[in-house]
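To start, the structure itself, in C-alpha cells.
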Amino acid sequence: MAPIVSTQSITAESGLDRPSEYPESLKSRSPNQELLPLTANVNGDVLEIGGCEVTALVEQFGSPLYILDEETLRATCAQYRDAFKHYYPGETQVLYASKAWSCLAVCAIAASAELGIDVVSAGEIRTALQAGVSPDKIYFHGNNKSRAELELAVESGCAIVADNWHDLETLAALGSSKTDRSIRVMVRFTPGIECHTHDYIKTGQIDSKFGFDPNSLDDVFKFISKQPCLSCVGVHAHIGSQIFELQPHDDLAEVIVETLTKAQSYGLPATEINIGGGLGIRYTEADDPPSIEDWARTVCTAVVAACDRQQLKKLPKLLCEPGRSLVGTACVTAYTVGSKKVIPGVRTYLSVDGGMSDNPRPITYQSVYQVLAAGKMSAELTETVTIAGKHCESGDILIKEAKLPECQAGDILAVTATGAYNYSMSSNYNRVPRPAAVLVKDGEAHTILERETDEDLLRFDRLPKRLGT
Ligand code: LLP
C-alpha cells in the first residue's frame, strides 16, 4: 500500500523534524494543509480512508456517504491543544466551533481531546451536553438568542457570549433573583479588522451583525458591573473564516487585549480573551493555508506581546474557537455516478446522487472542491468533466472542472475536504434525505449519523382533514 503523497511540501516549520521536547502531536503533518485525511491510502485501484475501502463503505452504508476519519480529527484537536499549551505561558482552552459539524460523535471526540465547544443554538447546546461536554467548557454564541435558549444555557451552566443589548437585558432579567454572579458572560465586540475571504463569512469589520460596536463598550461594561447576577469573565472577537493570512490575528491580539484592560478598568473580573477561529484549509492543490502550529504560534506570541505592552499583571486565559480547520479535511463525501451527458465540443456532465443538499458550499460561496475516482485511483486522468448534483437547479454543480479517468454509471467519486459546513448546512431540498455519516478507524467503520429515509421526510407533514381524501 503506497501512502498518498501530498504535493504540499512539508517544511521544517510544520514540524516533522522537531526536537524531542516538542509535543508529539506537532511532529506530524498539519491536517488543514492536506487535501485528504491523514490515513488516506491507495490500495491497488482503490482509495482507502481509515483503513476502509471507500468503495466497500458505499456498498455497506449506501450512497452518498460522509466518511469521517477519526485519526485526522484527533490529530487536529491535539495539534491545536498542544500548540496553544506550548506557545502560551498562561492558561489556554481550545473550543471546537460546532457549527462546522454538530453531532454527538464529533463533539465527543473534541471533548475527549480536552476541547470545549462553541455553540450557537439550543440544538447545538443539547448536542454538546449529550456528547458529555462539561457545561463550564460550553460557550453560547449568537446575534439573536431567544429567551428560551438563554434560559437553557444559563440553567445548564454554560458561559454566554453576549453579542448585543438584547442578550444583556434578557440575562439580567433571567438572573434577577440571583446575587451570586453565577452567569458567566464574555463580551463580543467587532474589532474593526478586515481580512480577505468571502464577503458572507467576514465578521470582524465594523459593519457586521455580530458583536457590540466598540464605541458602546464603556456602556456595556458599566451595565454589567451593576448586575449582581452577571460575571464578565472576558472578551471575545472573531474576524472571519477560511483565512490564509496570519496578520489579521496578529493585529487582533492588540485590540482584544486593549478591550480586556478596558473591562478590568470597570472592576470586572475579566481574565479571559477569545480570539475566535478562522484558520483556512486546503480545498484544492492551489490553496496554501498556514499550519495549525503557525497559526497558534502567531496568536500566542501576539497576545503575550500585547499583554506586555499593556503592562498586564497576569496573562489572561487564552481561548480560540476553530471549526473548519478541526474537521474540514477529516472527511470525504462519496457519491455514485449516474447519468452522463456529453455535449460534443461544449462539456461533459457527470451527475451524482447528491449535490447542493449535502454540500451547499459551491452554490452558496462558489467554493471549489476536488474529486477522486475512488475505485480507479491508478487510472490515467483522461477526462475533464463537470460534476453535477441531482437537484432541480442549474446551479447545482459540485465541481465545474474535474480531471478524472473515464467514469460511468456506478463509479464511486470521493469529494475531498467536506467535513466543515457540509452536513451542518445540508438541507432536504427536493425532499432528498440527508446521507449517512460513518466514522472510520483502523479498518472499522461505525455509523455516526443514520441515513434519513423518505418516511423521515414526511414525519412533520400534517394533512388537515378537509384536504384528505
Ligand atoms: N467563532 C465564531 C464566532 C464564528 O462565527 C465562527 C464561524 C467560528 C468561530 C469558526 O470559524 P472557522 O474556524 O470555522 O473558520 N458556512 C461558512 C462558514 C461560516 C462561518 C461562520 N462562523 C462556510 O461554509 O464557509
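FYI, side chains are in, hydrogens and waters are out, and symmetry mates aren't considered; it's all heavy atoms of this structure. Counting convention: from 1, in listed order, for ligands and their atoms alike.
- Taking only nitrogen or oxygen atoms, main chain and side chain alike, Glu321 reaches within less than 3.5 Å of ligand 1.
- Under a 4.0 Å N-O distance rule, the pair Lys99/Asp118 qualifies as a salt bridge.
- A ring-centre distance under 6.0 Å is not found for His238 and His141.
- Under the 4.0 Å criterion applied to side-chain N and carboxylate O atoms, Asp353 and Lys390 are not assigned as salt-bridge partners.
- In this pair, His391 and Tyr429 present their aromatic rings parallel. The plane angle is below 30°, not in the 30 to 60° band.
- Nearest to atom 15 (O) of ligand 1 by heavy atom, out of Ser241, Pro360, Gly277, Gly211, is Ser241.
- The residue Phe210 has no part lying near ligand 1, judged by heavy-atom distances below 4.0 Å.
- Heavy atoms of Pro322 come nearer than 4.0 angstrom to ligand 1 in at least one pair.
- The ligand atoms of ligand 1 that sit less than 4.0 angstrom from a heavy atom of Gly323 are 10 (C), 12 (P), 13 (O), 14 (O).
- A centroid separation of 6.0 Å or more is found between the aromatic rings of Trp101 and Tyr421.
- Looking at ligand 1, you won't find any N or O of His236 less than 3.5 Å from one of its N or O atoms.
- A heavy-atom separation below 4.0 Å is not found between Gly276 and ligand 1.
- Within 6.0 Å of the CD atom in Gln130, the count of heavy atoms belonging to other residues, nucleotides or ligands does not exceed 12.
- Note: Phe221 and Tyr266 have tilted aromatic rings, judged against thresholds of 30 and 60 degrees for the angle between ring planes.
- Residue Asp118 approaches ligand 1 through these ligand atoms, each under 4.0 Å from one of its heavy atoms: 1 (N), 9 (C).
- Closest to atom 24 (O) of ligand 1 by heavy atom, among Arg188, His141, Met425, Arg361, is Arg361.
- Atoms of ligand 1 found under 4.0 Å from any heavy atom of Ala97 (numbered from 1 in listed order, with element): 8 (C), 9 (C), 10 (C).
- The distance between the ring centers of Tyr369 and Tyr283 falls below 6.0 angstrom.
- Checking Gln242, His238, Arg324 against atom 25 (O) of ligand 1, the nearest heavy atom belongs to Arg324.
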